[in-house]
Structures are given as C-alpha cells and as structure tokens.
Amino acid sequence: MRLLGELSRRGTARAVDLAGALGEPANSVSFHLRQLAKYGLIEENPDRAESGRERWWRQVSDRGFEIDLTALRGAEGGEAAADALRRVAEGHVLALHRTIHSQPRSGQSPGDPPGRVVGSISDDFAVSLTDAELEQMRLELAAVLDRWTDISRVNVDDGQERHAYYGVVMAALEKDVTRTAYGSGKDLES
C-alpha cells in the first residue's frame with residue numbers, strides 16, 4: 001500500500017525513487033513492484049524510460065481498482081494476495097477509527113469546530129439518487145480529485161513539509177452499510 005500511495009502521489013517513478021522515498025532497499029521495492037504488476041495494480045511506463053535498463057512504473061488507475069477476488073484466489077499466490085487485500089480493507093477501517101479518536105495536532109485553532117483534527121478530513125453524507133445521478137456525482141468528485149492529485153504530483157518534491165494522506169470516497173447502498181461485518185446477518189438498529 002505504501003508503494004501504491006507513493007506512486008499515486010508521484011504519478012510515475014522508478015524503483016530507486018520509491019525505495020528512497022520509503023526508506024526501503026531498492027531490490028525489495030523492485031520485487032514488490034513486480035508483484036503489484038503481476039496482479040494488475042501497476043504497469044510499466046515506457047514513455048518515461050530513457051534506456052532499456054530503466055523501468056518506470058505507474059498505477060493502472062489513479063482512482064482505485066477493481067479486483068475479481070474469485071479469479072485472484074485461483075491464480076498462483078492468489079490466496080495470499082486476497083488475504084493482503086483483506087488486511088488493507090481492515091486498515092482503512094482502523095485508519096478511520098484512529099482519525100475519529102485522534103487528538104488535535106499542534107496548529108489546532110481555538111475557533112476550529114469541535115472534533116476537527118488538523119490534518120484530517122472526515123465527511124459523511126446520505127443522499128437519495130438515481131443511478132444516473134450517482135454516476136454524475138462520481139464524475140464531479142473525480143474531477144476534484146484529479147485537480148488535487150495533479151497539484152500533489154507537481155509539488156511532491158518542493159521542499160515544503162508535506163504529509164502523505166490516503167483517502168477513500170465511497171458511496172454504498174444504505175442497506176449494505178448498516179449490515180454488521182461479523183456475519184450475524186442482523187442489521188444495525190440505529
């Protein structure tokens with residue numbers, strides 16, 4: 001996930017660039033990049049390679065990915081990959097929990113709304129939309145995310161203190177959100 005995040009922030013990078021940014025050995029990063037490519041999450045970026053020896057990588061999509069878990073599990077090493085994705089999803093839930101329960105960082109202003117943690121964004125919403133309206137909302141949000149992704153990539157190495165953020169925009173059917181995740185099959189009452 002750290003590699004995917006760094007690639008997203010940079011747009012495209014070599015293993016050596018990513019290794020330096022993450023503080024990991026280049027050979028280990030190179031191995032993991034090939035594994036991500038094997039499962040279709042990233043791809044080589046031949047437009048950036050200046051020589052046959054230099055490999056540049058990019059995400060297949062700047063905005064998440066879809067994975068057929070049944071097909072993934074059937075591939076060699078697929079069970080381990082599916083388990084890793086499960087841990088990533090659990091990490092998203094844990095990150096949300098930590099953000100909700102974190103203490104304000106320095107820089108919190110007395111006039112900030114109660115519960116606002118500097119360096120985080122947490123907005124939820126409930127809307128009633130047609131499928132076409134939901135798609136229009138997704139396109140509008142994508143345009144905003146594209147603009148900020150471009151700003152991040154231009155400024156990634158500008159020398160200013162920057163923090164890496166990971167965000168998820170999700171719209172799910174309310175009935176799916178209110179079901180418990182523990183297999184009881186009962187819906188939450190509230």
Side-chain angles (χ1 to χ4, degrees), residues 1-100 120-122 134-135 138 141-142 145-146 148-150 152-153 156-157 162-173 175-185:
M1 284 310 297
R2 290 173 59 211
L3 284 171
L4 289 173
E6 194 62 31
L7 270 176
S8 180
R9 282 185 286 284
R10 293 174 177 270
T12 188
R14 301 170 300 168
V16 68
D17 301 324
L18 296 168
L22 300 176
E24 298 289 338
N27 61 339
S28 174
V29 167
S30 185
F31 169 80
H32 289 288
L33 288 169
R34 289 191 306 276
Q35 293 303 303
L36 290 169
K38 176 181 175 180
Y39 293 105
L41 301 177
I42 67 171
E43 63 190 4
E44 286 190 53
N45 184 0
D47 299 337
R48 287 297 306 264
E50 296 174 9
S51 70
R53 294 174 41 105
E54 190 174 66
R55 293 173 86 176
W56 285 77
W57 298 93
R58 63 181 172 211
Q59 286 184 293
V60 172
S61 169
D62 277 338
R63 211 168 290 100
F65 40 83
E66 291 184 26
I67 297 173
D68 179 340
L69 286 175
T70 302
L72 178 63
R73 285 187 174 106
E76 182 181 339
E79 281 296 335
D83 187 53
L85 289 172
R86 180 191 54 77
R87 289 191 314 271
V88 167
E90 289 170 353
H92 292 166
V93 172
L94 182 57
L96 177 60
H97 176 78
R98 285 181 180 152
T99 298
I100 290 169
S120 68
I121 299 172
S122 179
L134 180 64
E135 178 61 13
R138 186 192 68 76
L141 289 170
L145 293 173
D146 285 346
W148 283 101
T149 297
D150 291 344
S152 173
R153 288 178 181 169
V156 73
D157 290 322
R162 295 189 174 277
H163 306 280
Y165 293 97
Y166 180 79
V168 175
V169 176
M170 178 189 84
L173 290 172
K175 67 182 180 73
D176 293 335
V177 173
T178 57
R179 285 199 327 233
T180 64
Y182 301 104
S184 71

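On a predicted model such as this, the values are computed, not experimentally measured, just so you know.
Put simply, NE2 on His32 and CG on Leu18 are 12.5 Å apart, with the number rounded to the nearest 0.5 Å. Taking CG of Leu33 as the start and CD of Glu43 as the end, the distance is 13.0 Å to the nearest 0.5 Å. Remark: Thr12 OG1 to Gln59 CD distance equals 10.5 Å, nearest 0.5 Å. Atom NZ of Lys38 sits about 11.5 Å away from atom CG of Leu36, to the nearest 0.5 Å.
The main-chain N or O of Ser8 is found under 3.5 Å from a side-chain atom of Arg153 such that the two form a donor-acceptor pair.
The side-chain heavy atoms of Trp57 and Arg14, taken from C-beta on, include no pair separated by under 4.5 Å. Annotation: side chain of Asp17 is not in contact with side chain of Glu6 (no heavy-atom distance under 4.5 Å). Counting only heavy atoms from C-beta outward, the side chains of Glu24 and Arg2 approach each other to under 4.5 Å. Using a 4.5 Å heavy-atom threshold, the side chains of Leu3 and Gln35 count as separate.
Heavy-atom minimum distance, Gly11 versus Arg58: O-CB, 3.5 Å. Scanning all heavy atoms of the two residues, the minimum distance from Ala26 to Ala15 falls at O-CB, 4.4 Å.
A donor-acceptor contact closer than 3.5 angstrom links the side chains of Ser30 and Arg34.
Taking 4.0 Å as the cut-off between side-chain N and carboxylate O, Glu90 and Arg87 do not count as a salt-bridged pair.
Applying the salt bridge (charged side-chain N to carboxylate O under 4.0 Å, His left out) test to Asp150 and every residue at least two apart in sequence or in another chain returns nothing.
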